[in-house]
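Each chain gets a letter, A, B and so on, in the order its sequence line appears, and its residues count up from 1. Reckoned from all heavy atoms, side chains included, excluding hydrogens, waters and symmetry mates.
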Protein chains: 2
Amino acid sequence: MVQIPKTPAPVSPDPRSVPTSADVARLAGVSRATVSYVLNNTSAVRISEPTRRRVHEAAKELGYVPHAAARSLRAGHSRMVLMPAPAAPVGPLYAQFLSELQWELGRLDYTVVQYGAVGLRGDDAARAWAELRPVAVLLPGSDLGPKGVTVLKRSGARAVVVVGPEPVEGAHALLMDYAAVGDCAARHLYARGRRRIGVVVPQEPGVRSFSAPRLEGVRGALRGTDARVVELPLAYDETSAARLAARWRGLGLDAVFAYNDEYAMLLMRALQDEGVRIPEDTAVIGADDLMLGRLLRPRLSTVHIEVPSGRELAELVDRAVRDPNAAPETHKVLGASMVHRDSG
Amino acid sequence: MVQIPKTPAPVSPDPRSVPTSADVARLAGVSRATVSYVLNNTSAVRISEPTRRRVHEAAKELGYVPHAAARSLRAGHSRMVLMPAPAAPVGPLYAQFLSELQWELGRLDYTVVQYGAVGLRGDDAARAWAELRPVAVLLPGSDLGPKGVTVLKRSGARAVVVVGPEPVEGAHALLMDYAAVGDCAARHLYARGRRRIGVVVPQEPGVRSFSAPRLEGVRGALRGTDARVVELPLAYDETSAARLAARWRGLGLDAVFAYNDEYAMLLMRALQDEGVRIPEDTAVIGADDLMLGRLLRPRLSTVHIEVPSGRELAELVDRAVRDPNAAPETHKVLGASMVHRDSG
DNA sequence: TTGAAAGCGATACCAG
DNA sequence: CTGGTATCGCTTTCAA
C-alpha cells in the first residue's frame, strides 16, 4: 500500500491556519529545535547570529505566537495562579486588594487568572479549577472543603490559599476575622454608654458570609452585659431604609452598627429624614472606612479594616510554591480598629 | 540494541504524581481510549455497563481530573473567552456589568478568564493573550491597535470585541460614547441658564480615557454659545477638594460637571463647607446615577449611563464565534440621559 | 466492544 | 552549532 505523506506539502501554507513553530522552521530553513532555541534564548546552546536573524524574521513574518497549552503540557507545569472570579460585584476594598495582588504576583513572574465558573459549587468547582493545572489557587471566601483542597493538590497545585473567615484543612489561610469588626464596634458603643444596639444585616444574598460573623462579633462582645442586641435586616434601597426608619422610635435603639459605610449612609439618611438626631438619639457606626464616610454630616464613625496586603499574600504564595511540603501557614490578617468621628 | 521499556512498570504509581487517564486505564484494566469514551460520554461508541462502572470507580479512586491544556491542544480549540483584568480598581457599574457578562457567557457554555497581564501594553499584551489561544477576546477600554487585532485573529481568536470609546479596525465594537455624557450634562446646564461651567477631571491616572471624552462632550455641546468651560483637575481626596473649593469664588463658576457621582459628592461637600450654596450659587452634576447621589442633600442631579447589557455582549460574542467571517458589527450602546434632582 | 496508534505544538536530550 | 526524536496528556480514527 502506498504510503500517503503525512503533510501534503503545503508549499504556500494556508494563511488562515495558525502558524506553528514548524512553519517558522520551514520558512527559516532550519529545524524546529533551532527555532525553539532561538525564540527562548536558550543559553545552553549557541546559535549563529545569521541563523538567529532568519528565525526571528520568519517568526515575525508569520505572526508566530507560541502555544501556551502545548508549552505547559511539555513543561509539566505553569506559573498560573488561579482565582475564582467573584460571582457578585464586590466592594472597592476588595477591588483594591485584587489589583495590588495581581501586580505583586506579576512581579514574581506569576500570571493571575480569574476564572469565571458560574454555577459550580464546592467540589465540582474545585475539579473545574484543577483541570487548568494551576501552580497555585487563591480562594477568597472559601466555599471549599478539605476534599476540594485534596483534589487541587493531587492535580498539581503546589499552593492552596484560602482568604476568608475560617481555615480549611490542608490549605494555607489568611484569616479574615470579621467577628473582630463587630466586636470592635460593640465595645466602642458600649463604652460610650449605648445599651440598646441594632445591627444591620444586608438582605442581599452573597454577603451573608461577611455579615453573619460581624453580627456574632457584636453579640459576643456584649454577652453578659446589660446591653441588648437587635438584628435589623435591610436591603440596599431607599424604600427598605425608609421602612426601617419609620419604625425606628418603636424599636427604642440608641445605637446601630450598620454592616459597612454604604449601608450606614443609607440608613443614616433615612433616619435624618425621619427626624432622628445623630448621634444624640442614635449613634451610627459603619465599617470599611471609605472616603464616603468622611463626607457625611455628621462624619461617620467607622471600623477601619486592615485588609491583607497584596504583597503579603503574593509572598505567601511564592513561599508555598517553592516549598509545597511546608506546613500550611495560618495568618490572622484582619486588624479592626475604631475610627471615631462624629456619628457615634 | 535492547529496547528499554518506555514506562519502567511502576507497579504502585507514585501517589505524589498527578494521575493521568493512563493511570485510570491501568487501574480499571482497560485502554486509555475506553477511559476517554466513558468519561466523555461519547455517544458514537457503546461501552458495556460493567466497564463504565470500573472506569468511573478507578477515576474517583485516583482523584483523576482531565488536563485542560492537553485536551484543547488535541481538540485544536477551546471555549475560553479572555478579558484583560482591569489594572486599577473599577467602579460598581463595571463590576456589575462584568458579573452579568460572566453569567451570560457561562450559559452559552463559554468560560470567562480574566487575565492579569500587568506591565504589558498594546501589541505585547496582544501577544501574551494570543498565547492562550482563546476563542474570543474582550477588550474593555481597548488600548489596542489594528495590529494587535491581527495578531489575535491569526492566533485563532474567532472574535475580538472592543468595548470602549472608539472602534478598532477589524474588531467588533460596542461603542461607549462617553462624549454623549458630557454633552448631556452641558445641554442640561445651558438650558437652565448656566454659562460658566467647570468640568472636573480626575487626576488619577487610568481614568483619562474616560474623562477626556466627557470633557470633550461638554466642550462640543457649548461650542458657539456664550458659555465658558473651565477644566478642573481634582484628586480623589479631601485635601484636593478643599483646595479647589477655597478658590471657588475666584473662579466665578455657576455650574460644575463632576466626572461622576463620587467626585461630585467630594466636591459638593467641600463647596458646602466653604459656604457655597447648591444649586443657587453653583449647580453640581454627577454621572453614573449611583445610589449615593439619591442620599445627598441636595439630591444629586446626574447623568444616567446605560451600560451595555452583559447579555447583549454575550450574544454578540457567540454570533461572532459561530461566524467569524461576518463583517465586524459596531453597536452604539451608551444611552446617556439626564436625571434631574435638586443639585442643578 | 475494545485496543493500538497517530497526532495536537513545543522542548530538551543526544547525535552528528 | 544544528537536526532528529521522544515526550507531555488527551482524543479519535481505524482495526481487530
task: Name the nucleic acid region contacted by A/Thr42, choosing base, sugar-phosphate or nothing; use a 4.0 angstrom heavy-atom cut-off, strictly under.
output: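 A/Thr42: no heavy atom of the nucleic acid under 4.0 Å.
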query: Reckon A/Ser48 touches a base, only the sugar-phosphate, or nothing at all at heavy-atom distances under 4.0 Å?
result: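 Sugar-phosphate, no base atom in range.
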Main-chain N/O of B/Glu100 paired to B/Arg311 side chain as donor or acceptor, under 3.5 Å: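 Side chain of B/Arg311 to backbone of B/Glu100: no pair is present.
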task: Please confirm whether the backbone N or O of B/Pro146 pairs with a side-chain atom of B/Thr150, one donor and one acceptor, at under 3.5 Å?
output: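 Pair found, side chain donor or acceptor close to backbone of B/Pro146.
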- request: Evaluate the side-chain proximity of A/Leu175 to A/Pro167: yes if any heavy-atom separation is below 4.5 Å, no if none is.
  value: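 The answer is yes; the side chains approach within 4.5 Å.
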- request: Check whether any side-chain heavy atom of A/Ser78 lies under 4.5 Å from a side-chain heavy atom of A/Arg133, and answer yes or no.
  value: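 The answer is no, as the side chains (C-beta and beyond) never meet within the 4.5 Å cut-off.
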Between [options], which nucleotide has the shortest distance from any of its atoms to the side chain of [X]?
X       : options                : value
B/Asn40 : C/dA10, D/dT11, C/dC14 : D/dT11
A/Arg32 : D/dT5, C/dG3, D/dT12   : D/dT5
A/Ala33 : C/dA12, C/dG9, C/dA6   : C/dA12
B/Thr34 : C/dG3, C/dA10, D/dG3   : C/dG3
A/Tyr37 : C/dC13, C/dT11, C/dG3  : C/dC13

- request: Using heavy atoms and a sub-4.0 Å distance, could you list which residues of residues 65-75 of chain B are near DNA chain C? By number, please.
  value: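 B/Leu73, B/Arg74, in order of number.
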query: Quick one: on DNA chain D, does B/Tyr64 or A/Arg46 contact a more 5' nucleotide (nearest heavy atom)?
result: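 Taking each residue's closest nucleotide, the earlier one in sequence belongs to A/Arg46.
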message: Between A/Thr20 and C/dC8, is there a contact of a side-chain N or O with OP1 or OP2 at under 4.0 Å?
response: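 Negative; the distance criterion is not met.
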